Asks: 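Have a look at this one before I ask anything.
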Amino acid sequence: AQSVTQLDSQVPVFEEAPVELRCNYSSSVSVYLFWYVQYPNQGLQLLLKYLSGSTLVKGINGFEAEFNKSQTSFHLRKPSVHISDTAEYFCAVRNLNTGNQFYFGTGTSLTVIP
Amino acid sequence: GAVVSQHPSWVICKSGTSVKIECRSLDFQATTMFWYRQFPKQSLMLMATSNEGSKATYEQGVEKDKFLINHASLTLSTLTVTSAHPEDSSFYICSAGGASNQPQHFGDGTRLSIL
């Protein structure tokens, strides 16, 4: 089965500092990759996605992620975080060989410190 | 953009009650919807895949008779938690989307609290 690993469960970072949230997935030929953000008591909001093409994808709110096939990684980055970025972030993989289900990582709680 | 509406957002009820949660795709048709369960500070756990006009596909370990799924139209899927007990208390989220190369759109979730 597809697995998604988010190595950091909690990431505290000072406001205006850069941040990287790590995501690794088990190897598969046909996958699509996504990052979602979840604010308290809400559903998930799409930040960005990688389907094909350029390995550096840009999303909303200044976030970007880089797909690295050799390392099976899809790390999320932001050069300067804001207080409003405090939330839970989930990496997700959609495996086209197993019925199109989404598999989520365990999530990373980002806390921006003023 | 595509919107998925989930209702109710929060429900509190007594043990033994059955609770129905609705998931609607507001501006697109969804032949497939997904139901997830999320425990506090944890990730989303896929419970089942809801298929329009046919039976849902449940993940291993999810009780079919406990979590009834009906997908009677292209815009509505329902999850009914039958005879709910306190251990069923959780945050339930649905999602729907189009083609496989498109992201899923998520509802805002339903917080279920069983007393």
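Letters go in sequence order (proteins before strands), and every chain restarts at 1. In what follows, every heavy atom counts, from backbone to side chain, and hydrogens, waters and symmetry copies are set aside. Remember, predicted model here, so these are calculated numbers, not experimental data.
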Asks: How close do B/Leu112 and B/Tyr92 get, counting heavy atoms only, and between which atoms?
Replies: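 Closest approach of B/Leu112 to B/Tyr92: CD2-CE1, 3.7 Å.
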Asks: Of the backbone (N, CA, C, O) and the side chain (C-beta and beyond), which part of A/Phe90 lies under 4.5 Å from a heavy atom of chain B, both, or neither?
Replies: side chain
Asks: Is there any residue in residues 47-68 of chain B with a non-hydrogen atom under 4.5 Å from a non-hydrogen atom of chain A, and which ones are they?
Replies: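 Checking residues 47-68 of chain B against chain A gives B/Thr49, B/Glu59.
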Asks: Can you tell which part of A/Gln38 gets under 4.5 Å to a heavy atom of chain B, answering side chain, backbone, both or neither?
Replies: side chain
Asks: Is a side-chain donor-acceptor pair under 3.5 Å present for A/Thr106 with A/Gln6?
Replies: no
Asks: Do the charged groups of A/Lys78 and A/Glu64 touch, with an N to O distance under 4.0 Å?
Replies: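 Salt bridge: no.
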Asks: So, for A/Phe34 and A/Tyr50, is the gap between ring centers shorter than 6.0 Å?
Replies: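 No - the distance between ring centres of A/Phe34 and A/Tyr50 does not fall below the 6.0 Å cut-off.
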Asks: Can you say whether B/Leu46 sits under 4.5 Å from chain A via the side chain, the backbone, both, or neither, judging by heavy atoms?
Replies: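 For B/Leu46, the side chain is the part near chain A, not the backbone.
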Asks: Compute the ring centroids of A/Tyr25 and A/Tyr103, then answer whether they are less than 6.0 Å apart.
Replies: no
Asks: If you count heavy-atom pairs under 4.5 Å with chain A, which of B/Gln38, B/Met45, B/Gln6 comes out on top?
Replies: B/Gln38
Asks: For B/Glu22, what residues pass the salt bridge (Lys or Arg N to Asp or Glu O under 4.0 Å) criterion, not counting sequence neighbours?
Replies: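 With sequence neighbours excluded, B/Glu22 shows a salt bridge (Lys or Arg N to Asp or Glu O under 4.0 Å) to B/Arg24, given in chain and number order.
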Asks: Give me the atom names and distance for the closest heavy-atom approach of A/Tyr39 to A/Ser84.
Replies: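 Between these two residues, the closest heavy atoms are CE2-O, 3.6 Å.
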Asks: Is it the backbone or the side chain of A/Leu46 that comes under 4.5 Å from a heavy atom of chain B, or both, or neither?
Replies: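 Just the side chain, heavy atoms under 4.5 Å.
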Asks: Side chain to side chain contact (heavy atoms under 4.5 Å, CB included) for B/Tyr36 and B/Phe91? Distances and angles first, verdict last.
Replies: CA-CA 8 Å; B/Tyr36 298 86; B/Phe91 194 56; over 6 Å; no
